[in-house]
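Note that the structure is a prediction, hence the values are computed from the model and not measured. All heavy atoms count here, side chains included; hydrogens, waters and symmetry mates do not. By convention in this document, chain letters (A, B, ...) are assigned in the order of the sequence lines, proteins followed by strands, and residues within each chain are numbered from 1.
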Number of protein chains: 2
Amino acid sequence: MEVEQAFGKILRKIRMENSLSQEELAYICGLDRTYISLMERGKRKPTINTIFELAKGLDERPSDLISLTEELFNLNVD
Amino acid sequence: MEVEQAFGKILRKIRMENSLSQEELAYICGLDRTYISLMERGKRKPTINTIFELAKGLDERPSDLISLTEELFNLNVD
DNA sequence: CTGTAGACTAGGGTCGACG
DNA sequence: CCGTCGACCCTAGTCTACA
């Protein structure tokens, strides 16, 4: 399990908790829908600015997103 | 004040608290020294993986790095 | 609504050298 | 020990289109 894969899972989880489609989240954050798709599947590594944009769109603190990513990442250290 | 500039300041602060040179931190993290320099001056936006590497090398939680960046970023919202 | 694919541009990250 | 410069490669992120 890589960092970006853990982040992708957290991203999808929180997006769905907010009842947003990838399209809607992309629009709010000023990003591309296909890129949200790539991130959620752990195929892309967002920059710090993108992380802050996503957090804003999801009504979360960036540090909370990272904190959750960290926990998931540290679980499967295989 | 942009996100990457806030991050740069936090990065330099914590690096110096750990009494590390840019060279030493770069070596520990497997990054380039000139790139540490660029980040500290807010000229580059690291990816999530790079943030995790830096945190590891600085003996900090990635979420703590981001949390501090957040606070500094929210101070000057000019 | 989402995954994927291909083609593209901008910028992340490396490296050697010098002040 | 650090800032900078120039050259380089790779990938972040966009866009169109189709299943």
Side-chain angles (χ1 to χ4, degrees), chain A residues 1-66 68-70 72-73, chain B residues 1-60 62-63 65-66 68-70 72-73:
Chain A
M1 163 91 65
E2 302 297 324
V3 175
E4 69 270 24
Q5 293 171 359
F7 181 78
K9 291 190 180 183
I10 298 301
L11 178 57
R12 172 161 297 182
K13 182 169 179 291
I14 299 185
R15 174 178 65 80
M16 304 202 80
E17 286 173 2
N18 286 34
S19 304
L20 289 171
S21 67
Q22 291 181 349
E23 232 164 341
E24 291 168 328
L25 179 59
Y27 179 74
I28 295 173
C29 301
L31 293 170
D32 196 85
R33 180 192 67 80
T34 63
Y35 183 55
I36 304 282
S37 173
L38 286 166
M39 272 190 293
E40 286 190 353
R41 284 173 297 120
K43 304 267 184 183
R44 282 293 190 281
K45 305 167 189 178
T47 63
I48 190 170
N49 286 48
T50 303
I51 293 170
F52 270 66
E53 292 296 332
L54 289 168
K56 193 182 201 176
L58 291 169
D59 241 330
E60 294 277 339
R61 296 189 55 188
S63 54
D64 286 338
L65 250 51
I66 299 300
L68 292 167
T69 302
E70 239 176 275
L72 186 55
F73 177 67
Chain B
M1 164 90 66
E2 302 297 323
V3 175
E4 68 269 24
Q5 294 172 357
F7 182 78
K9 292 189 179 183
I10 298 300
L11 178 57
R12 172 161 298 183
K13 182 169 179 291
I14 299 186
R15 175 178 65 81
M16 304 203 79
E17 285 173 2
N18 286 34
S19 303
L20 288 172
S21 67
Q22 292 180 348
E23 232 165 341
E24 291 168 328
L25 178 58
Y27 179 74
I28 296 173
C29 301
L31 294 170
D32 195 84
R33 181 191 66 80
T34 63
Y35 184 55
I36 304 283
S37 174
L38 287 167
M39 272 190 293
E40 286 190 351
R41 287 174 294 120
K43 304 265 184 185
R44 282 292 191 281
K45 304 167 189 177
T47 64
I48 190 170
N49 286 48
T50 303
I51 294 170
F52 271 65
E53 292 296 332
L54 289 168
K56 194 183 200 176
L58 290 170
D59 240 331
E60 294 277 340
S63 53
L65 250 51
I66 299 300
L68 291 167
T69 302
E70 240 176 273
L72 186 55
F73 177 67

Is the phosphate of C:dG3, meaning OP1 or OP2, less than 4.0 Å from a side-chain N or O of A:S37?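 Answer yes for this pair, as a side-chain N or O of A:S37 is under 4.0 Å from OP1 or OP2.
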Quick one: is A:R12 getting a side-chain N or O under 4.0 Å of the C:dC1 phosphate, OP1 or OP2?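 So the side-chain polar atoms of A:R12 never come under 4.0 Å of the phosphate oxygens OP1 or OP2 of C:dC1.
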Is the closest side-chain heavy-atom distance between B:L54 and B:I14 below 4.5 Å?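 A side-chain contact under 4.5 Å is absent here.
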How close do B:S63 and A:E70 get, counting heavy atoms only, and between which atoms?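 That closest heavy-atom pairing would be OG-OE1, 2.7 Å.
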For B:F7, run the side-chain contact (heavy atoms from CB on, under 4.5 Å) check against B:L72, B:L68, B:L65 and tell me which one passes.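 Exactly one option meets the side-chain contact (heavy atoms from CB on, under 4.5 Å) with B:F7, and it is B:L65.
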Distance in angstrom units between [X] [atom1] and [N] [atom2], rounded:
| X | N | atom1 | atom2 | result |
| --- | --- | --- | --- | --- |
| A:E40 | C:dG3 | CD | C1' | 11 Å |
| A:I48 | D:dA12 | CD1 | C1' | 15 Å |
| A:Y27 | C:dC1 | OH | C1' | 19 Å |
| B:I36 | D:dC2 | CD1 | P | 10 Å |

Using the side-chain contact (heavy atoms from CB on, under 4.5 Å) criterion, which residues pair with B:R15? Sequence neighbours excluded.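 B:R15: side-chain contact (heavy atoms from CB on, under 4.5 Å) contacts with B:R12, B:L20, B:Q22, B:L25, B:E40, B:L58.
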What pairs with B:Q5 under side-chain contact (heavy atoms from CB on, under 4.5 Å), at least two apart in sequence or on another chain?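 Counting only residues at least two positions away or on another chain, B:Q5 forms a side-chain contact (heavy atoms from CB on, under 4.5 Å) with B:M1, B:E2.
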Given protein heavy atoms under 4.0 Å, the one-letter contact record of nucleotides 10-19 of chain C, with B base, S sugar-phosphate only and - none, is simply --BBBBBB--
Stepwise side-chain hydrogen bond (donor to acceptor under 3.5 Å, both in side chains) check, A:T34 with A:D32: CA-CA 6 Å; A:T34 63; A:D32 196 85; 2.6 Å; yes
